[in-house]
Amino acid sequence: MDLDTTSIPELTAEELRQLYKLLIATRDLDVAAVAWQRQGILPGYAPELGQEAAQVGSAFALDASRDFAFPTYREMGVALSLGVDMVEYMSTHKASWHGGLYNPVSTRLAPIQAVVGGSVLHAVGWAHGQRLAAGSPEGGMPAAITYFGDGASSQGDVHEAMNFAGVLKAPVVFFVQNNGWAISLPTEEQVAGGTVAPRAAGYGMASVTVDGNDAPAVVRATRAALEHARAGNGPVLIEAMTYRRGPHSTSDDPGRYRTLDEERRDGGEDPVARLAALLLATGAADQAFLDAAAAEAKTHTDTVRDGIQALQPRPGQEMFDFVFAEPTDALKAQARAWREESEHV
């Protein structure tokens, strides 16, 4: 079943301006983070160049007072849009803290998930819990949104999560960023049929395919999906068609499996430039606004860099403190051995 998005109004001029500021801030920070990894400030990073509209647009549609987002390791734009402190977010990439130092409960962003497809299972569990607890409240149930790529859609965990969500009518939105590549493998060689959205029918859920480089379109599609899920109509699968313009991670060399000419041919319209052109064409903003947004984004990025460089290693003892509520004998023995070896106590 195709999801009807026609009832969702177009974004206002103010919303478009807010969206652009988030988009340019995400772009500036993302490009800088790659440079920081090359400079040795960050051990590793997963770039999202080209996917800013998909991430920011979908997060822009969330109600942070009740919804919950479940990211992978590439959703920096989602985190920024939800107001997460970017130094606390980047603590994972600095290897200071696994999953991020931010508070998931207050930010409505689950910890960063590096297990491929893992966040999808968590989202369905949370959403089902909301359905059991909330019943049919006025204004609808809280909804979850979970992010994954076209490559992750081939994971068995994703099938299981979608099947449970469909059967239980869990209020969850499966947001697939189809960026054309599962690391080095093109989508058409690992997704039967070439796209993920048609699979939704097999799980009894609605789906919608959206231009992932068109930020306002992503906002409207996500708002429609959230309305559908909150109303108790079951989950929705959104497939945002976009392109990963950079490497899969800073340890990846895309030149080994695609050429620069192919990147230019397949990359599509730059999502940041596209929204800027829309703002100017509609009179929602002028060049002075765009320049000010870019300057504000750079100032924010510089502040984040200073904060990341100031991060100190966490106490080693913490690796044992947050495993079990009641530590096992084996864990206690490991902690004693670690203290003897590292702290000589």
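Everything numeric in this text was worked out from a predicted model, so none of it was measured.
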Novice: Does this structure show an ion pair linking R256 with D253, if we count only N-O contacts that are shorter than 4.0 Å?
Specialist: no
Novice: To the nearest 0.5 Å, tell me how far Y243 OH sits from Q51 CD.
Specialist: 11.0 Å
Novice: Look at the aromatic rings of F289 and Y20 and report parallel, tilted or perpendicular, splitting at 30° and 60°.
Specialist: tilted
Novice: How would you list, by chain and number, every residue that makes a salt bridge (charged side-chain N to carboxylate O under 4.0 Å, His left out) with D302, sequence neighbours excluded?
Specialist: K298
Novice: Whether D30 and R27 form a salt bridge (side-chain N of Lys/Arg under 4.0 Å from carboxylate O of Asp/Glu) is what I want to check.
Specialist: no
Novice: Do the side chains of D214 and R274 get close enough for a salt bridge, i.e. N-O under 4.0 angstrom?
Specialist: yes
Novice: Determine, for R223 against E15, whether the closest basic-nitrogen to carboxylate-oxygen distance falls under 4.0 angstrom.
Specialist: yes
Novice: For K21, is the NZ atom crowded, meaning more than 12 foreign heavy atoms sit under 6.0 Å from it?
Specialist: no
Novice: For a quick test of your reading: what N or O donor-acceptor pairs under 3.5 Å do the side chains of residues 308-315 make, sequence neighbours left out?
Specialist:
from : atom 1 : to   : atom 2 : distance (Å)
Q312 : NE2    : A310 : O      : 3.3
R314 : NE     : E318 : OE1    : 3.2
R314 : NH2    : E318 : OE2    : 3.0

Novice: Relative to each other, are the rings of F322 and W97 parallel, tilted or perpendicular (30° and 60° limits)?
Specialist: perpendicular
Novice: Taking only residues two or more places apart in sequence, or in another chain, which ones meet D329 in a salt bridge (charged side-chain N to carboxylate O under 4.0 Å, His left out)?
Specialist: none
Novice: Less than 4.0 angstrom from a charged side-chain N to a carboxylate O is my criterion; do E48 and R74 meet it?
Specialist: no
Novice: For the CZ atom on F320, are there more than 12 heavy atoms of other groups (residues, nucleotides or ligands in this structure) within a distance under 6.0 Å?
Specialist: yes
Novice: Are the charged groups of E263 and R258 less than 4.0 angstrom apart, N to O?
Specialist: yes
Novice: Name the orientation class of the two ring planes belonging to W181 and Y257 (parallel below 30°, tilted from 30 to 60°, perpendicular beyond 60°).
Specialist: tilted
Novice: Using a strict 4.0 Å threshold on nitrogen-to-oxygen distance, state whether E227 and R230 make a salt bridge.
Specialist: no
